[in-house]
Number of protein chains: 2
Amino acid sequence: MGTAETSTERGRGGMSEHRRRRVRLEISREAARLFWQQGVDATSGDQIAAAVGLSTRTIWRHFRSKESCAEPIVTQSVAWEMSTLRSWPPHLSLEDHFAAEADRFGRESTALEQADTALGIRMIRLADSEPALRTAWLMACDQVEHEMAEIIATRLDGKPDDLDVRLHAAAASAALRVINEYIGAALLDGVDPREFSDAASLIANAVRRATGGAVGDPVEGADETGTDA
Amino acid sequence: MGTAETSTERGRGGMSEHRRRRVRLEISREAARLFWQQGVDATSGDQIAAAVGLSTRTIWRHFRSKESCAEPIVTQSVAWEMSTLRSWPPHLSLEDHFAAEADRFGRESTALEQADTALGIRMIRLADSEPALRTAWLMACDQVEHEMAEIIATRLDGKPDDLDVRLHAAAASAALRVINEYIGAALLDGVDPREFSDAASLIANAVRRATGGAVGDPVEGADETGTDA
DNA sequence: AATTAGGTGTCATTTAGTGACAGCGGCGCG
DNA sequence: CGCGCCGCTGTCACTAAATGACACCTAATT
C-alpha cells in the first residue's frame, strides 16, 4: 500500500490518514468543550474554528455538520474498550481481561486521555437533551458496531457481514452503549467511581448475554501460547 | 387527558397531536420518494414543500432538519413489529405470535401501508450510502428502543429505566434493526419474499438470544385467559 | 530545482433553518 | 349569532450552516 513509511510524518499522501485523525480529534475537543459550556445551538462553526485555530472552511472540510464534530471525542471515549476487545486473548474470560486492562488504563493513561474521556462522557450526557448530539452519539456507536463485527468475526472465525456476526455485534455494542450511558450519567451525578469497580463483569455479562453466550468466555481449542496476536 | 374525544377530529387542541402525526407522515412520504429518486443532497426543502403542497416554512416547523423528514416513514415501516410486540399475549411464544400477525398483515394491510413499508425499506437501504439518512434511521431505531423498553418493562414487571430492562431493550431492538436491514436489502436485491417465510422465527430467535432468553418464550405463571390487553 | 499532491485560507454563493408577524379557520362563549 | 381565542399556516426578512472555486503553502519524490 504505502510507498514508504520512513520516520517523521506522512509519506507522500500515505501517512495523512493518521494526521487527519489527529486534526479531527483536535477539532472535536474544542467543539465538545464549547458544546458543553454553551450548548450546541449557541455554538457556531466560526467559534469552533476560532477555538481550534483553523479557518471555518477547514472545519467543514473535516466534518459534514456541526454536530458530527462531536463524534471523534465520543468515539475516543469508548476507544479503549474497543482496543481492549481487540487485544483480548482467546484463553481469557472477558471480565478478567477487561479488569486487567481497566486497571492498566487507570495507571498508564495520560492526563489528556482522561480529559478526553471526561469530555466524551459529557457529550453522551448532553445527547439526552440535545437531539443533534444524540445523532452524533448514535453514529459513533454505529462505528463501534462495525469494529465489533470485525472483532467478533475473527474471534468466531466468520465473516463480518454474516447475519449471525452482525446480530452479535449489534447486540453487544448496543449493550456497551447502554452501559456507557448508565455509568457516564452516574459519574456526572457525582457517584463515586469506585462504585463501578465491577464494571468489567458488568460489561462482560452484558456482552455475554447479548450474544447468547457466543462472546465472553474463553475460546475452547485455544492453548495458552496464543494463536492470534 | 383530552377534554373531549367527541367524534370527528380535534377537540380544541386536544386531538391535534394525532393530526400532527398525519401531517408529518404525509411530508415524510414525499420526502422519502424524492430522496430515493434523486438522492438526499439533490433534494431541497423547497422541493419537499412543493411536493406535499405546503410552504417551506411549515416543513421546518414539523422537522428540525431535512434528513429527519425520513424518520416517520421509516418508523412506520417497523411500526407493525412494535404493535405486534405490544399485543403479544403472555402465553404465546414470540414466533407463533409474530407469524400470526405477519400473516394478518399480509392479508389485511392497505395498499397505502404496503407502499409506505416499501418506501421505508428503500430509506433503510439508502442509509447505507447516505450518512445523512443513516442518522435518521438510527434515530428511528432509538425511538423503537424506547418503546421496546416499555414493552419489556411491563412484560418482565420492571421499570423502563432499570439497567437490565434497558440492556434487553437495546440488544433486542439492535437485533431487530439488523434483521430489518438484512431482509430489506435482500428484498430490494430481488430475493423472493417467500424466502423469508421464516422471518418470524428469525426475529424471535434473535430477540431471545439478544435478551439472554428473558424475552421470547411464553411467560410462566400466566394463564390463557390473558391478564394484559 | 522542479514536480506533485494534500491541506489550508479566502471569497462568493447556495441552501438549511429561525424569528416575527399576519391571515385563516374552527371552537367556545356571551 | 357575533366575538375573541387559539393553533396552524403563509410570507418575508434574516442568520448561519455548508459548498465551490481558486490560490498558496508545505513537504516528500525525483
Side-chain angles (χ1 to χ4, degrees), chain A residues 1-27 31 34-35 38-71 130-133 135-136, chain B residues 2-27 30-31 34-35 38-71 130-133 135-136:
Chain A
M1 294 293 178
T3 47
E5 72 285 356
T6 49
S7 60
T8 51
E9 281 277 313
R10 58 178 186 180
R12 182 66 167 236
M15 202 58 168
S16 55
E17 284 183 32
H18 180 254
R19 170 146 191 80
R20 187 178 175 80
R21 288 174 57 92
R22 289 185 64 97
V23 174
R24 283 172 56 92
L25 185 58
E26 192 97 1
I27 296 172
L34 289 167
F35 287 164
Q38 354 169 319
V40 179
D41 292 349
T43 304
S44 71
D46 287 351
Q47 269 183 79
I48 298 174
V52 71
L54 288 173
S55 87
T56 309
R57 184 64 182 90
T58 301
I59 303 296
W60 302 136
R61 264 194 269 263
H62 284 280
F63 294 96
R64 42 180 309 291
S65 71
K66 191 172 63 170
E67 315 88 68
S68 63
C69 290
E71 284 176 29
E130 301 254 17
L133 271 193
T135 63
Chain B
T3 46
E5 70 285 357
T6 48
S7 59
T8 51
E9 282 279 313
R10 56 178 189 186
R12 183 68 168 216
M15 204 57 168
S16 55
E17 283 183 32
H18 179 254
R19 169 143 195 82
R20 187 177 175 80
R21 287 174 58 91
R22 289 185 62 96
V23 175
R24 283 172 57 92
L25 186 57
E26 193 97 1
I27 296 172
E30 294 303 319
L34 289 168
F35 286 166
Q38 357 169 313
V40 179
D41 293 349
T43 304
S44 71
D46 288 352
Q47 272 182 76
I48 298 174
V52 71
L54 288 173
S55 86
T56 309
R57 184 66 183 88
T58 302
I59 301 296
W60 302 136
R61 262 192 269 264
H62 284 280
F63 293 97
R64 40 182 300 291
S65 71
K66 192 172 62 169
E67 317 87 70
S68 63
C69 289
E71 282 176 30
E130 301 255 19
L133 271 193
T135 62

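Because the structure is a prediction, the values reported are computed rather than measured. So that the names make sense, note that chain A is the first sequence line, chain B the second, and so on, each numbered from 1.
- Between C:dG9 and A:Thr58, a contact under 4.0 Å exists linking OP1 or OP2 to a side-chain N or O.
- Atom CH2 of A:Trp60 is separated from atom C1' of C:dT15 by 14 Å (rounded to the nearest Å).
- Using a 4.0 Å heavy-atom cutoff across all strands shown, A:Ser65 reaches sugar-phosphate atoms only and no base atom.
- Comparing B:Asp41 and A:Ile59, the nucleotide of DNA chain C nearest to each residue sits closer to the 5' end for A:Ile59.
- Atoms CZ and SG, on B:Phe63 and B:Cys69 in that order, are 5.0 Å from each other to the nearest 0.5 Å.
- C:dG6 atom P lies 12 Å from atom CD of A:Glu17, rounded to whole Å.
- Distance, B:Arg19 CZ to D:dC8 P: 9 Å, rounded to whole Å.
- Atom CD1 in A:Ile27 sits about 13 Å away from atom P in D:dA18, given to the nearest Å.
- Side-chain contact between B:Gln47 and B:Glu30: absent, with no pair of heavy atoms (C-beta onward) separated by less than 4.5 Å.
- Taken to the nearest 0.5 Å, the CD atom of B:Glu67 stands 10.0 Å off from the CD atom of B:Glu130.
- Taking atom CD of A:Glu26 as the reference point, atom C1' of C:dG7 lies 15 Å away to the nearest angstrom.
- Distances shown here put a side-chain N or O of A:His62 below 4.0 Å from the OP1 or OP2 atom of C:dT8.
- Counting heavy atoms from C-beta on, the side chains of A:Ile59 and A:Val52 come closer than 4.5 Å.
- Within 6.0 Å of the CZ atom in B:Arg64, the count of heavy atoms belonging to other residues, nucleotides or ligands exceeds 12.
- The shortest side-chain heavy-atom distance between A:Gln38 and A:Leu34 falls under the 4.5 Å cut-off.
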Can you tabulate the close N/O pairs, meaning under 3.5 Å, that link protein atoms to atoms of nucleotides 12-16 of chain D?
none

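- A donor-acceptor pair under 3.5 Å is formed between the side chain of B:Lys66 and the backbone N or O of B:Thr43.
- From A:Arg20, atom CZ reaches atom CG of A:Leu25 across 13.5 Å, with rounding to the nearest 0.5 Å.
- For the pair B:Leu34 CG and C:dA16 P, the interatomic distance rounds to 12 Å; values are reported in whole Å.
- Side-chain atoms of A:Arg61 stay outside donor-acceptor range of the base of C:dG6, with no qualifying N/O pair under 3.5 Å.
- In the helix from C:dA1-D:dT30 to C:dG30-D:dC1, the rotation axis of the first five pairs and that of the last five pairs differ in direction by 20°, rounded to 10 degrees.
- A:Asp46 has its CG atom 13 Å from the C1' atom of C:dT10, to the nearest Å.
- Between the C1' atom of C:dA16 and the CD atom of A:Glu67 lies a distance of 11 Å, rounded to the nearest Å.
- Counting any heavy atom pair closer than 4.0 Å across all strands shown, B:Ser68 reaches no nucleic acid atom.
- Distance check, rounded to the nearest 0.5 Å: CG of B:Leu54 to CD1 of B:Ile48 gives 11.5 Å.
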